[in-house]
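First the structure, in the form of structure tokens, and then the observations on it.
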Amino acid sequence: MDVLMRALCWTAMALALIPLLSLLYLVVSKGLHRFDLDFFIHLPRPVGVPGGGMANAIVGTLTLVLIASLVGMPIGVAAGLYLSEYGESRFAGTVRFWADVLSGVPSIVTGIFAYEIIVKPMHGFSALAGGFALGTMMVPIIARITEEVVRLVPTSLREAALALGIPRWKSILYVVLRTAISGVATGLLLAATRVASETAPLLFTSFNNQYWARGPLQPTASMTVQIFTYAISPYDDWRDMAWTGALVLLLIVLLVSLASRMTLTKNRATNL
Amino acid sequence: MESTQSTSAAALQAGPGGPPPGPAHSRQGTGDRIFKLALTAAAALVPLLAAGMLLMLFTSSFAVLGKTGLFFFIRQEWDPVREEFGALAFAYGTLVTSAIALLVAGPAGVGIALAITEFSPPKAREWAAWMVETLAAVPSVIFGLWGMFVMAPFLHTWVEPVLEKFPGRPFFVGPGTGLCLFTSGLVVAIMILPTVMAVCREVFNAVPISLRESALALGSTRWEAVRLAVLAPSMPGIIGALILGMGRALGETMAVTMVIGNRPEISANLLGASDSLASAIANQFTEATSDMHLSALAALGFLLFGITMVLNIIARLLVWAVARRMQSVGGR
């Protein structure tokens, strides 16, 4: 029994690794096919015309993440600071609870929310609407990570600052936040990559665009929506582009995940 | 809201030789008060955002709910041309997909979490944890791409013919296209595996080592010790992990949209095409021309939000309950 159950656990592990490895292998092998300079500097070409790239989608994703960050980061960090520095009250419990609920909300629902609040009144799809949708998704993620890393700052540091007669707000901003800044920055980066890999909330907010968007109030291409569009198309060269898009996106996500893991572990080690 | 002072400030006030501790607010400067107000406002936005979403979804689905009433949720018909809408077929697809996903990912997730926390050396634990987090970070559209071009053809050629022979009718009737409930269930299973695994790992780690040691000291084998001292006390937490996984499965949009076949149909055949709440919204929202159609899609979103919210609340409560119980047992 002992051996059997342990074998079962390890089998489960092995079985879970097969799809992961298959996915990584195929994204790399199929993606490399079109992984060239053209992909990064050209606009999409019509079916049958060789070449073309996803330059507008890459810039579009960056625009969307920038707008999302402007919306989500200040609110998220401030909420996280509140939770860690004044987080004893019942109100803080409520905030934590709803932050958890919000991060469990299906992302497509956030898309409907942004559609009703921005697309409908402004009569058009725009990067602004897509960025807003992504930004609302960032708030709970950032708030919880910020709370976690700022809490790690030793109380003695806060006490030392207060003992010097510095007002509480200055001590929080310049001593506590300053100490935890690399952890907070990691959280921001993680949240940014998380929303950069979202597709569902963008489908009917930023929509898609085969050309350069002229400003944030235009429909804007994004890598994820472009991958989706190409993947469900019946053309082989578009499908190839989808795999290359997936490869680029995956590379970014993996790099950030690796880097953030390293900083977070280092932070925990030095602060505890 | 009650005014709060963190322990550090309170400790300062109580310090010997300091000024007599006055009422808390009199010691706060204007800057402090403004700063705290700003942080509180930002924090208050979080519950407000959730409430705003709920309210907005509710008002948007008003048109269709006013027309069909609550029957909307139990009607199967979905005809945008005649403006007849019902959510049942989509809810069916969502539930079946999630159920398959949970049946596969549940035991697998618990098993892998056990393999990581109980049966492997600490160094390997770190790496396994990182692998899991990485799997969780893969964008859902990439899972969809892989599911569409790799998983679906694979299942179609190798697995489905076998399933048609055994167990066969009524659940596996072929020939299908590979784009079906079964495939989407398996793809979603892979996607929720990290969630189930990560939460289980957290729960198992919360079990005090002393419990395991006592079981071993009483002469149990390693598996018996795990079953008695780890699995049994963390049961509510495991259920919480499964519910959290379920929540993710229900809301999964892109991967499901790409492999489910997108045909709203209620049939016991798992090899047939179907559709889900989230996929319907993803596919039809930009194409919807009438206000009633949009309203019906918003109502699907409302349903989805409602289900996932309730599931999340239950799961959080369960996980908290375990953590609290472990603390009273004497956490490490």
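Proteins come first, then strands; the chains are lettered A, B, ... in the order of their sequence lines, and each starts at number 1.
- B:Ile281 is listed as a side-chain neighbour of A:Phe204, based on a closest heavy-atom distance under 4.5 Å.
- The candidate with the highest count of non-hydrogen atom pairs below 4.5 Å against chain B, out of A:Ile172, A:Val27, A:Ile117, is A:Ile172.
- With respect to chain B, the highest number of heavy-atom pairs below 4.5 Å among A:Leu24, A:Leu81, A:Leu250 belongs to A:Leu250.
- With a threshold of 4.5 angstrom between heavy atoms, B:Leu294 approaches chain A through side-chain atoms but not through N, CA, C or O.
- For a residue to count as touching a neighbouring chain, one of its non-hydrogen atoms must lie under 4.5 Å from one of that chain's; by this rule B:Ile190 touches chain A with the side chain only.
- Looking at A:Arg96, neither its backbone nor its side chain comes within 4.5 Å of chain B, counting heavy atoms on both sides.
- Rounding to the nearest 0.5 Å gives a distance of 5.0 Å between CG of B:Leu49 and CZ of A:Phe113.
- If you measure heavy-atom distances from A:Leu17 to chain B, the contacts under 4.5 Å come from the side chain alone.
- Contact of the A:Arg6 side chain with the B:Val226 side chain is not registered, since no non-hydrogen atoms from C-beta on lie closer than 4.5 Å.
- With a 4.5 Å cut-off on side-chain heavy atoms, A:Ile112 and B:Ser60 do not count as touching.
- Looking at B:Thr59, neither its backbone nor its side chain comes within 4.5 Å of chain A, counting heavy atoms on both sides.
- Ring geometry for A:Tyr115 versus B:Phe285: interplanar angle over 60°, hence perpendicular rather than tilted (30 to 60°).
- Among A:Thr11, A:Leu83, A:Val105, A:Asp100, the residue making the largest number of heavy-atom pairs under 4.5 Å with chain B is A:Asp100.
- Considering only residues two or more places apart in sequence or on other chains, B:Ala115 meets the side chain to side chain contact (heavy atoms under 4.5 Å, CB included) condition with A:Cys9, A:Trp10.
- No other option in B:Met197, B:Arg222, B:Glu118 has as many heavy-atom pairs under 4.5 Å with chain A as B:Arg222.
- With a threshold of 4.5 angstrom between heavy atoms, A:Ser156 does not approach chain B through any atom at all.
- By the 4.5 Å heavy-atom criterion applied to side chains, B:Thr286 and A:Phe125 are counted as neighbours.
- Both the backbone and the side chain of B:Val46 come within less than 4.5 Å of a heavy atom of chain A.
- Both the backbone and the side chain of A:Pro167 come within less than 4.5 Å of a heavy atom of chain B.
- With a 4.5 angstrom heavy-atom cutoff, B:Phe302 does not touch chain A via any of its atoms.
- The part of B:Thr308 that comes within reach of chain A is its side chain, from C-beta onward, which places non-hydrogen atoms under 4.5 angstrom from that chain.
- Using a 4.5 Å heavy-atom threshold, the side chains of B:Phe35 and A:Leu173 count as touching.
- Only the side chain of B:Leu57 comes within contact range of chain A, with heavy atoms under 4.5 Å apart.
- Proximity to chain A is limited to the side chain of B:Met254, based on heavy atoms less than 4.5 angstrom apart.
- In this structure, chain B has a heavy atom under 4.5 Å from the side chain of A:Leu102, while its backbone stays farther away.
- Both the backbone and the side chain of A:Val95 come within contact range of chain B, each with at least one heavy atom under 4.5 Å from a heavy atom of that chain.
- Interface check for chain A: of the options B:Ile142, B:Leu114, B:Thr253, B:Val138, the most heavy-atom pairs under 4.5 Å are formed by B:Ile142.
- Proximity to chain B is absent for every atom of A:Leu8, based on heavy atoms less than 4.5 angstrom apart.
- With a 4.5 angstrom heavy-atom cutoff, A:Ala246 touches chain B via backbone and side-chain atoms both.
- Chain A forms the most heavy-atom pairs under 4.5 Å with one residue out of B:Phe143, B:Trp223, B:Phe119, and that residue is B:Trp223.
- With a threshold of 4.5 angstrom between heavy atoms, B:Ala44 approaches chain A through its backbone and through its side chain.
- Your options are B:Gly147, B:Ala278, B:Ala42, B:Gly251, and the one with the most heavy-atom pairs under 4.5 Å with chain A is B:Ala42.
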